[in-house]
Amino acid sequence: MSSSVQSPPPVVVPAGTTAGTAIRDAGLAGKGPDAIVVVRDPDGRLRDLAWAPGSEVQVQPVAADTDDGRGVIRHSCAHVLAQAVQQLFPEAKLGIGPPVADGFYYDFDVERPFTPDDLQALEKRMKQIIKGAQRFARRALESVDAAREELAAEPYKLELVDIKSDVDTAEVMEVGDGELTVYDNLDPRSGEAVWGDLCRGPHVPTTKHIPAFKLMRTAAAYWRGSEQNPQLQRIYGTAWESQEALDGYLERLAEAERRDHRRIGAELDLFSFPEEIGSGLPVFHPKGGIIRREMENYSRQRHEESGYEFVNTPHIAKSGLFHTSGHLPYYADTMFPPLSFEGEDYYLKAMNCPMHHLIFRSRGRSYRELPLRLFEFGAVYRYEKSGVVHGLTRARGFTMDDSHIYCTPEQAPGELRSLLRFVLDLLADYGLSDFYLELSTRGEGGKFIGSEKEWEEATETLRRAAIDSGLELVPDPGGAAYYGPKISVQAKDAIGRSWQMSTIQVDFNHPKRFELEYTAADGSHQQPVVLHRALFGSMERFFGVLTEHYAGAFPAWLAPVQAVGIPVADEHLEHLQQVAKALRAKGIRVQVDASDDRMQKKIRNHTTQKVPFLLIAGGKDVAAGAVSFRFRDGSQINGVPVDRAVAEIADWVARKENVSPSAENFEADG
RNA sequence: GCCGCCUUAGCUCAGUCGGUCAGAGCGACGCACUCGUAAUGCGUAGGUCGGGGGUUCGACUCCCCCAGGCGGCUCCA
């Protein structure tokens with residue numbers, strides 16, 4: 001997201017003067033994408049332009065095309081939406097209406113859900129309101145009682161007033177800072193209040209300062225985020241500093257839709273979700289199977305090189321095992337119901353760890369064996385609620401590239417550091433390079449087991465490893481698994497979206513529950529530390545993320561079909577068959593298109609299938625013992641000698657180049 | 001699980017007010033064409049309109065239930 005190239009210099013606001021006047025006197029923009037919409041006071045608080053400080057202060061002007069500026073525009077736009085809703089649906093009660101990433105929403109309690117037609121009508125009314133240049137005017141309420149009186153008809157707002165002390169968060173914009181304020185929308189001519197809303201602000205000066213907006217969709221949302229509360233109807237919208245910025249945003253959404261792995265998976269014949277199998281249970285077609293196999297093979301190789309040992313475990317086990325692990329007591333509702341036979345309940349496994357622990361425990365272990373690193377592509381099944389299943393990124397059956405590292409407490413810090421390095425290196429090999437880390441720690445509630453001290457130690461160990469990596473570290477309080485804290489690696493894809501990939505967890509709980517132990521050098525029996533880690537999260541999710549990252553144009557080493565020979569005419573087929581044979585001998589997945597289609601059609605077909613190397617041969621090429629390259633981007637290199645073409649393709653694939661080959665970066669004509 | 005929307009040929013979609021509306025493009029298949037960088041032409045096959053129940057003289061169309069999908073909420077070991 002672009003923002004002002006450089007922020008404007010600070011502005012001095014004399015006592016008794018409004019910030020807006022000072023801004024104007026300083027010659028800063030009052031309209032356009034870089035219009036100043038609010039200012040930041042010396043305490044870091046955003047203030048309306050109508051704010052007039054009691055004594056002289058220096059403020060930082062905030063332009064529309066900054067993150068803060070957009071946030072204010074969006075928040076103001078949410079007010080305009082609420083006004084429009086209450087005009088068109090007078091019975092609507094207001095929930096909350098904060099800005100969010102890329103937009104805003106407002107929740108309403110209404111008789112019936114909004115329809116697409118309603119959204120159109122609301123947009124129209126909002127445009128009228130914006131055109132009307134209503135002024136946003138801040139007004140402090142005398143007291144809580146005065147607030148209750150004023151908001152008598154708004155039950156949800158009343159609730160916020162009553163609990164205001166504990167909802168002072170970024171999302172609840174309504175109240176804050178020990179003072180209750182209302183923003184009135186004033187008619188510019190009469191000065192009369194047309195509409196008002198409990199709100200801490202700040203806002204743009206007038207509705208005219210909302211240059212571009214669009215209502216996006218409706219959804220239901222629980223009041224204050226709890227399933228126990230009534231569901232309100234939420235309207236999502238977006239607002240930007242200019243029409244161009246809005247268009248740019250809509251284009252980014254369109255691009256994300258074109259990259260959607262569910263769409264590309266069907267277009268490229270990679271995988272599907274047969275209804276007959278069940279929701280959230282993918283099958284991989286041959287082409288998807290090749291990509292998956294390549295992904296797995298490389299990962300396997302790297303793990304072997306890094307001292308992992310490979311194990312295999314079954315998909316179901318008796319209930320006792322999951323009682324021991326703690327899954328059934330704590331997470332029974334996310335496991336599939338049991339199969340009962342021979343007087344036993346068998347559960348599909350939701351995690352591989354219990355099985356791996358049993359392998360560790362299968363015989364006495366010596367400290368000399370540690371760290372013991374067990375690895376498995378282990379399929380797990382989780383009962384995800386019907387509303388959350390989403391393509392490959394949220395499935396009910398998936399394969400974790402799971403491993404459990406058993407080590408001594410002394411080994412743990414070093415093991416964690418090298419583990420994190422290993423994880424980041426391997427992700428980079430697949431073309432992801434923009435990461436940040438999240439540290440999930442213990443929160444309130446009975447979900448967490450183990451002593452405070454254990455948690456503290458484990459959290460510190462993780463934190464140190466995370467800090468050593470040099471990456472940005474985002475805290476996630478309360479996000480830990482029940483048995484220990486975790487680091488997760490978030491990777492950004494080609495269009496800037498973040499995905500949770502790897503998780504690394506310290507577990508001091510399972511060693512106890514499973515009575516894991518090793519014999520130390522002094523002959524004593526000690527409990528190992530267990531590190532859980534899934535590098536890709538799940539193979540399916542990683543597959544989906546890579547698909548979207550590359551928009552289906554997979555690196556040549558992963559591409560299901562790496563090269564296709566296209567003859568100009570049938571008489572050139574034989575020549576290409578020879579080229580294909582040579583490529584196949586080098587392990588390249590190559591086809592020759594001998595169909596009845598015209599050459600142009602073949603080029604189109606294989607281009608839309610995102611084949612990295614198209615090898616075209618006509619009379620000239622045959623005569624010269626050459627082929628002509630055409631790449632995904634349409635660029636060409638003509639007349640490359642066959643030997644050289646074969647060697648360069650094989651080398652490109654062997655190097656695991658992640659960019660798409662093109663005339664510019666492919667060394668075949670040198 | 002909750003709210004809303006959606007489901008018509010392999011894919012993408014059209015189908016008015018309940019009654020000649022079972023339709024198109026792509027794909028598949030067949031025939032002709034043999035061509036130098038993103039769609040050659042002609043033809044053929046393919047659907048009990050997601051499944052089940054109901055209303056009606058009559059249902060792709062209206063109602064109910066179920067399944068699957070989409071967007072959110074909640075959740076995510």
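Labels below follow one simple rule: chain letters A, B, ... track the order of the sequence lines, proteins then strands, and each chain is numbered from 1.
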Watson-Crick or G-U pairs under 3.5 Å in RNA chain B, rendered as dot-bracket with [ ] for crossing pairs and | for another strand: (((((((..((((.....[...)))).(((((.......))))).....(((((..]....))))))))))))....
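- With P as the reference atom, B/U8 and B/C49 are 12 Å apart, rounded to whole Å.
- Residues from residues 379-387 of chain A lying near RNA chain B, meaning a heavy-atom separation below 4.0 Å, are A/Tyr383, A/Lys385, A/Ser386, A/Gly387 in numerical order.
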Identify the pairs formed between an N or O of the protein and an N or O of nucleotides 43-52 of chain B at a distance under 3.5 Å, and give each distance.
none

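- Under the side-chain hydrogen bond (donor to acceptor under 3.5 Å, both in side chains) criterion, A/Asn605 pairs with no residue at all, not counting sequence neighbours.
- A search for side-chain hydrogen bond (donor to acceptor under 3.5 Å, both in side chains) contacts involving A/Arg382 returns nothing, not counting sequence neighbours.
- Salt-bridge formation is detected for the pair A/Arg258/A/Glu251: a Lys NZ or Arg NE/NH1/NH2 atom is positioned less than 4.0 Å from an Asp or Glu carboxylate oxygen.
- In terms of heavy-atom proximity, A/Glu515 sits nearest to A/Arg361 at O-CD, 4.2 Å.
- If you look at A/Phe360 and A/Phe514, their ring centroids are not closer than 6.0 Å.
- Applying the salt bridge (charged side-chain N to carboxylate O under 4.0 Å, His left out) criterion to A/Arg217, with sequence neighbours excluded, gives no partner residue.
- Remark: A/His606 pairs with no residue by the ring pair (Phe, Tyr, Trp, His ring centres under 6.0 Å) rule, at least two apart or across chains.
- Remark: A/His510 engages A/His357, A/Asp507 in a side-chain hydrogen bond (donor to acceptor under 3.5 Å, both in side chains) (not counting sequence neighbours).
- No hydrogens or angles were tested; on distance alone, nothing pairs the side chain of A/Arg234 with the base of B/C73 as donor and acceptor under 3.5 Å.
- When the side-chain hydrogen bond (donor to acceptor under 3.5 Å, both in side chains) test is applied to A/Glu438, no partner is found at least two apart in sequence or on another chain.
- In summary, the aromatic rings of A/Phe629 and A/Phe631 are positioned with their centroids under 6.0 Å apart.
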Extract all donor-acceptor atom pairs below 3.5 Å that involve side chains of residues 374-381 of chain A and protein atoms in other chains or at least two apart in sequence.
from     : atom 1 : to       : atom 2 : distance (Å)
A/Glu376 : OE1    : A/Thr313 : OG1    : 2.9
A/Glu376 : OE1    : A/His356 : NE2    : 2.8
A/Glu376 : OE2    : A/Thr313 : N      : 2.8
A/Glu376 : OE2    : A/Thr313 : OG1    : 3.0

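- Partners of A/His327 by ring pair (Phe, Tyr, Trp, His ring centres under 6.0 Å), not counting sequence neighbours: none found.
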Contact letters for nucleotides 25-36 of chain B, in which S counts primed atoms plus P, OP1 and OP2 and B counts the base, heavy atoms under 4.0 Å: --S-----BBBB
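- The base of B/G1 sits with one of its N or O atoms less than 3.5 Å from a complementary donor or acceptor on the side chain of A/Tyr222.
- OP1 or OP2 of B/G69 sits under 4.0 Å from a side-chain N or O of A/Ser279.
- A pairwise comparison of heavy atoms in A/Glu452 and A/Arg442 identifies N-NH1, 4.2 Å as the closest pair.
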